[in-house]
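Down below is the structure, laid out as structure tokens.
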Amino acid sequence: MTDHGPQPVERQLPTEEAKDLLALVRDLVQREIAPRAAAEEEAGHFPRDLFRLLSSSGLLGLPYPEEFGGGEQPYEVYLQVLEELAAARLTVGLGVSVHSLACHALAGYGTKEQRAEHLPGMLGGGLLGAYCLSEPQSGSDAASLRTRAVRDGDDWVLTGTKAWITHGGIADFYTVLARTGGEGAHGITAFLVPGDAPGLTAAAPERKMGMKGSPTAQLHLDGVRVADARRIGDEGQGFPIALSALDSGRLGIAACAVGLAQAALDEALAFVAERRQFGRPLADFQGLRFLLADMATQIEAGRSLYLAAARLRDQRLPFSRQAAMAKLFCTDAAMRVTTDAVQLMGGYGYTADFPAERYMREAKVLQIVEGTNQIQRMVIARHLAGPESR
């Protein structure tokens with residue numbers, strides 16, 4: 001057998017502009033992101049400078065309107081950019097996805113004046129965003145959140161604690177969901193909170209199993225005053241806004257998962273192409289060849305699933321069920337593929353000298369963030385069989 005290592009992903013892109021965009025991303029990945037990934041993840045360093053570079057390159061606002069500084073790209077293209085970024089370093093790919101999630105509420109539900117004032121900086125002005133829905137006691141049960149916003153003249157005063165906030169403590173703006181009315185989903189409103197607002201503080205970053213370069217922290221709001229002009233949508237509309245954002249965000253997580261799995265497969269392919277045992281290349285052993293075939297098939301299936309959902313979104317058709325399916329399948333596949341990559345590489349795969357063990361640790365969180373995979377199954381089942389009986 002001839003040596004055969006990893007090859008670039010063959011992508012079906014809708015326009016020549018999209019092909020040029022992906023070529024730009026691959027060049028940026030090779031020059032700026034991949035060479036730093038291992039050392040910075042081990043050191044727990046967040047690459048703030050890379051996000052400024054991504055912003056100036058037009059890569060932080062790809063799916064948003066051009067008139068406000070966005071790239072006006074279909075989700076089909078944006079997600080493939082995310083996949084390339086995540087394959088190089090999940091901290092970067094997931095960070096771009098979270099930033100896009102943080103922009104979703106204002107872009108989709110803000111007034112024209114709000115969008116004109118804030119979106120240019122958010123999409124192309126070097127700012128970094130975070131999305132604040134979860135709380136210490138309300139993760140999967142997001143509608144039970146306790147952070148409260150009380151009206152005071154032309155302002156709102158926000159008090160409470162948000163949890164598991166990606167970019168917590170370093171973001172320039174936060175999309176915050178807070179309770180303005182009674183209990184349940186109908187009493188929640190969305191706000192755009194500046195990162196330097198008085199009374200807004202972050203706890204020490206969580207000590208995590210993986211993604212050490214991406215800060216995740218609790219966010220404390222102690223009487224944070226926000227002008228009513230920073231309220232997004234109507235009072236009580238916050239929960240539908242949050243769910244709409246999560247549908248799109250789940251596609252971002254799916255794309256990141258496929259990128260991470262692709263990186264693990266590429267690492268495994270390079271390993272078996274170079275290493276020999278019993279006088280033969282590892283790539284000649286049928287057991288390993290079957291394992292590689294299964295890994296590649298899961299990746300290709302996941303990519304097809306998230307792209308099919310993205311095309312529904314681009315056509316303005318319902319895609320919530322498909323987004324949940326993509327998030328579920330792609331993140332489960334990433335966990336399997338990264339685990340198989342470590343197994344295939346044996347003792348080498350378990351050492352920090354190779355990135356496979358990092359990929360496996362990072363894959364786990366993708367089954368948890370933006371709705372656990374158990375929640376995704378609930379969402380899918382409700383679409384299939386209707387809501388549960390009470």
With sequence neighbours left out, what residues match R11 under side chain to side chain contact (heavy atoms under 4.5 Å, CB included)? V9, L13, L22, R26, Q80, E83, E84, R303, Y306
Taking atom [atom1] of [X] and atom [atom2] of [Y], what is their separation to the nearest 0.5 Å?
{"X": "L344", "Y": "L292", "atom1": "CG", "atom2": "CG", "value": "5.5 Å"}
{"X": "E274", "Y": "L269", "atom1": "CD", "atom2": "CG", "value": "11.0 Å"}
{"X": "L243", "Y": "S320", "atom1": "CG", "atom2": "OG", "value": "8.0 Å"}
{"X": "R89", "Y": "R36", "atom1": "CZ", "atom2": "CZ", "value": "7.0 Å"}

Centroid separation F173 to H118 less than 6.0 Å: no
Centres of the Y174 and F191 rings: under 6.0 Å? no
Looking at L219, T147, T161, which one forms a side chain to side chain contact (heavy atoms under 4.5 Å, CB included) with E135? T147
Among V157, D155, L158, L192, find the residue that satisfies the side chain to side chain contact (heavy atoms under 4.5 Å, CB included) test when tested with V226. L158
How are the rings of Y348 and F354 set relative to one another: parallel (under 30°), tilted (30 to 60°) or perpendicular (over 60°)? perpendicular
For the pair Y109 and H104, name the ring-plane relationship: parallel under 30°, tilted 30 to 60°, perpendicular over 60°. tilted
Atom CD of Q12 with >12 non-hydrogen neighbours under 6.0 angstrom: no
Side chains of Q137 and R146: any donor to acceptor distance under 3.5 Å? no
Do any N or O atoms from the side chain of R148 and from the backbone of G160 form a donor-acceptor pair under 3.5 angstrom? no
Would you sort out whether Q262 and D266 count as a side-chain hydrogen bond (donor to acceptor under 3.5 Å, both in side chains), showing the intermediate values? CA-CA 6 Å; Q262 184 69 57; D266 289 348; 3.1 Å; yes
